[in-house]
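So the structure is just underneath, and the comments pick up after that.
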Number of protein chains: 2
Amino acid sequence: MTGSDSRPPTLEQVANYAGVSRATVSRVINGVQTVDPELRRTVERAIAATGYVPNLAARSLVTGRTDSIALVVSEPENRGYSTPFLTRMFTDPFLGRITAGAQEVLRPLGIHLVIFLADPPARPHLLRYLRQGHVDGALLISSHVDDPLPGQLVELGVPVVLSCRPGHPVTISYVDVDQWAGVRMAVDHLARLGRRSLATITGPLDMPAAQDRLAAFEQSVRAHGLEPRHVEGDFTRSGGERAARRLLTEHADVDGIFVANDLMADGALRVVQETGRKVPDEVAVIGFDDSTAALECHPPLTTVRQPVEEMAGEMAQLLMTRIREPQRTPRSVIFNPELIVRASA
Amino acid sequence: MTGSDSRPPTLEQVANYAGVSRATVSRVINGVQTVDPELRRTVERAIAATGYVPNLAARSLVTGRTDSIALVVSEPENRGYSTPFLTRMFTDPFLGRITAGAQEVLRPLGIHLVIFLADPPARPHLLRYLRQGHVDGALLISSHVDDPLPGQLVELGVPVVLSCRPGHPVTISYVDVDQWAGVRMAVDHLARLGRRSLATITGPLDMPAAQDRLAAFEQSVRAHGLEPRHVEGDFTRSGGERAARRLLTEHADVDGIFVANDLMADGALRVVQETGRKVPDEVAVIGFDDSTAALECHPPLTTVRQPVEEMAGEMAQLLMTRIREPQRTPRSVIFNPELIVRASA
DNA sequence: ATGAAAGCGCTAACAC
DNA sequence: GTGTTAGCGCTTTCAT
């Protein structure tokens, strides 16, 4: 059946071929148990012979479901990043872990995960895409504090789960790591190593995660009777280099640095060593994430582990229950971080 | 209209609201010109008032189109990579450039681009997804030589364009860079610098692009009367480090290295310098891609530029014409590379 | 320029 | 356990 027929075979054609009704074929396709085993085999042969594939649009029109959900990575506006959005997304192992974790949960459910990268010019498309019912719901990653997307989606009635605490209060499920606990672990570790001149390289301070980590850093450092310092970075490797350079210039005496993600920590590590300082003896460095980048650092990076895969899996689960029971009030889940000690601190 | 109605408004409801027929509303929605301007405004008001959004499934059922295409990144089997597929995909800036280039073309056409990462466990899902008509066609990235996916898709009648020369001859459009020309530029440059002991770090040798670059390297080096050497890498940064370590052990006299992509070149650069060799004076290093990673290398990387964004744009264009005119024979387009000289060679 | 009506391919009641 | 039937929401002839 090397289909040169202009149109693909339909349920009806399969039914005719098998000498049964459309309903029976439909039942076989959908795995309904109440079908005579013999008839089922007849139908299955007919399906194979005709090369039949269900038409999704038709099914979706009647069921109202699409069995696919979107993983949306959104950036509300172009800030002064040196690297374009798409490059950043495809340079940080973070997204890969999210995808893997979500797929793990979705795959057994027969749900497709489609990835959607929404930089500013893509946003109108994204909204259309989601409103049109291409997907049953969305996992939303990122979110600068003033990202309007979460609100818009809720208003549109699209089931959504966020990847971290929303910037503004919205009635919405989210999953996050206990940022404060994680940062405190890092700071305590630095203090335990006897470091007294502590600084942090932050993420973009318009992102909730970056804000949380900075606030937690400052409080934890003060709790040790020390004076916190910080430089703003942008979560990229080269941003980490730049920030470290600035930090070492402004505060040459720093002996412990908490970097808000592993990618920047990698960059910072390089710069610290280029300036002739030994890691970890003269300057200890701790990252955040425990992504693959942490292992590729020289020396291997001590870092605060986020269970990203698990978190993404939980997001998927929250979303599925939200899709199934839209009126239930949103739940959120906070995960525990863990300090992974390697060679950099 | 904060829709607490269980079902979203339909065309019919808009028509009733506006006091016209469904056909007229449909025309307004689809921008058909033959509509009285006044009526059009009435309809537009009705659309706004009801908060109407077209139902994609219904439209798609009748038009047979979905106005979205998939960007599929496929890996046929798990080879012995040290890094998992998803991590690799989200660590190499390559995919981001592909996405950007494709979006550039697709966006003005109102076509959505959805990304689909297909590691081995996801493949059955992918096939179902594509067969079911979720998308009008697919841009297929990657392809190990024995990837069955291109063939399967062609057989299924899914319009496809490949990102590089297919491993096996298939009647299929593809876009590629002139690998031979690019590699020759790199080798000629090394020779011009007086390097006589040349080696290459290759990609996984089951990928056509890696094979092409190795073959081209060997021929170009021999053309200079020199003896080519090679070590197999895996296109990742840490793979580049490992390969470079092996290379320097086996051939301590190497003074020029062509690395099959920028990411591995970054790793190689690090290792070369760790062993006390100066770059470029003692060892010259040239990469391939001219991705953002090239600029972040220390020193900045001399590399062979692939116009990835343009190539992806061309892929999108080829795919769209293939979708519109399925019977036309597939066309392929080869792009010219360019040597970007920076500090590493 | 507008409306009426015929499906697109499928699922889900409902009858048998 | 199987078939019949009524739509799902939209586009698109075909009349008017």
Side-chain angles (χ1 to χ4, degrees), chain A residues 3 5-44 46-47 50-68 110 128 131-134 136 157, chain B residues 3 5-44 46-47 50-68 110 128 131-134 136 157:
Chain A
D5 355 344
S6 55
R7 300 184 78 83
T10 70
L11 237 204
E12 174 124 42
Q13 294 173 32
V14 178
N16 290 153
Y17 188 103
V20 300
S21 74
R22 294 206 307 270
T24 302
V25 180
S26 176
R27 290 189 186 104
V28 171
I29 298 272
N30 294 293
V32 174
Q33 285 310 318
T34 64
V35 177
D36 184 283
E38 182 144 354
L39 245 195
R40 147 166 284 124
R41 287 217 320 286
T42 311
V43 170
E44 278 163 352
I47 292 174
T50 52
Y52 171 73
V53 178
N55 176 315
L56 187 111
R59 168 183 293 170
S60 176
L61 182 56
V62 30
T63 61
R65 287 174 301 100
T66 64
D67 289 332
S68 53
R128 258 199 9 240
R131 289 161 39 126
Q132 286 182 341
H134 263 111
D136 300 336
Chain B
D5 355 345
S6 55
R7 300 184 80 80
T10 70
L11 237 204
E12 174 123 42
Q13 294 172 31
V14 178
N16 290 153
Y17 188 103
V20 299
S21 74
R22 294 206 307 269
T24 302
V25 179
S26 175
R27 291 187 186 106
V28 171
I29 298 273
N30 293 292
V32 175
Q33 286 309 317
T34 64
V35 177
D36 183 283
E38 182 144 351
L39 246 194
R40 146 166 285 125
R41 285 216 321 285
T42 310
V43 170
E44 278 163 352
I47 292 175
T50 53
Y52 171 73
V53 178
N55 176 315
L56 187 110
R59 167 183 292 170
S60 175
L61 181 56
V62 29
T63 62
R65 286 174 302 100
T66 64
D67 289 332
S68 53
R128 256 196 13 237
R131 289 162 39 128
Q132 287 182 339
H134 262 110
D136 300 334

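No hydrogens, no waters, no symmetry mates; every other heavy atom, side chains included, goes into these values. Naming convention: chains lettered A, B, ... in sequence-line order (proteins, then strands); numbering from 1 in each chain.
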### Task
Run the numbers on B:Leu39 and B:Val20 for side-chain contact (heavy atoms from CB on, under 4.5 Å), then give the verdict.
CA-CA 9 Å; B:Leu39 246 194; B:Val20 299; 3.4 Å; yes

### Query
What are the bounds, 5' to 3', of the part of DNA chain C that sits under 4.0 Å from heavy atoms of chain A?
C:dC8 to C:dA13

Shorter than 3.5 Å, N or O on both sides, protein versus nucleotides 9-11 of chain D: list them out with atom names.
from	atom 1	to	atom 2	distance (Å)
D:dG9	OP1	B:Arg7	NE	3.3
D:dG9	OP1	B:Arg7	NH2	3.3
D:dG9	N2	B:Ala58	O	3.4
D:dC10	OP1	B:Tyr52	OH	2.2
D:dC10	OP1	B:Asn55	N	3.2
D:dC10	OP2	B:Leu11	N	2.3
D:dC10	N4	B:Arg22	NH2	3.0
D:dT11	OP1	B:Asn30	ND2	3.2
D:dT11	OP1	B:Arg59	NE	2.9
D:dT11	OP1	B:Arg59	NH2	3.2
D:dT11	OP2	B:Ser26	OG	2.8
D:dT11	O4	B:Arg22	NH2	3.4

Would you be so kind as to tabulate the donor-acceptor pairs closer than 3.5 Å made by side chains of residues 55-62 of chain A, with sequence neighbours excluded?
from	atom 1	to	atom 2	distance (Å)
A:Asn55	OD1	A:Ala57	N	2.7
A:Asn55	OD1	A:Ala58	N	3.0
A:Ser60	OG	A:Arg65	O	3.1

### Query
B:Arg22: what forms a salt bridge (Lys or Arg N to Asp or Glu O under 4.0 Å) with it, not counting sequence neighbours?
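Only B:Glu12 meet the salt bridge (Lys or Arg N to Asp or Glu O under 4.0 Å) criterion with B:Arg22.
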
### Task
Tell me, please, which residues at least two apart from A:Thr63 pass side-chain hydrogen bond (donor to acceptor under 3.5 Å, both in side chains).
none

### Query
To the nearest 10 degrees, what angle separates the axes at the start and end of the helix from C:dA1-D:dT16 to C:dC16-D:dG1, five pairs each?
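The angle, to the nearest 10 degrees, is 30°.
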
First locate atom [atom1] of [X], then atom [atom2] of [Y], and finally report the distance between them rounded to the nearest 0.5 Å.
{"X": "B:His134", "Y": "A:His134", "atom1": "NE2", "atom2": "NE2", "answer": "8.0 Å"}
{"X": "B:Ile29", "Y": "B:Tyr52", "atom1": "CD1", "atom2": "OH", "answer": "5.0 Å"}
{"X": "A:Arg40", "Y": "A:Ile47", "atom1": "CZ", "atom2": "CD1", "answer": "9.5 Å"}

### Query
Shortest non-hydrogen contact from B:Val32 to B:Val35?
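Scanning both residues completely, I find the closest heavy atoms to be O-CG2, 3.7 Å.
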
### Query
How close do A:Asp136 and A:Asp67 get, heavy atom to heavy atom, and via which atoms?
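Closest pair (atom of A:Asp136, atom of A:Asp67, distance): OD2-N, 2.8 Å.
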
### Message
Under the rule for side chain to side chain contact (heavy atoms under 4.5 Å, CB included), what residues qualify as partners of A:Tyr17, not counting sequence neighbours?
### Response
A:Ala46, A:Ala49, A:Thr50

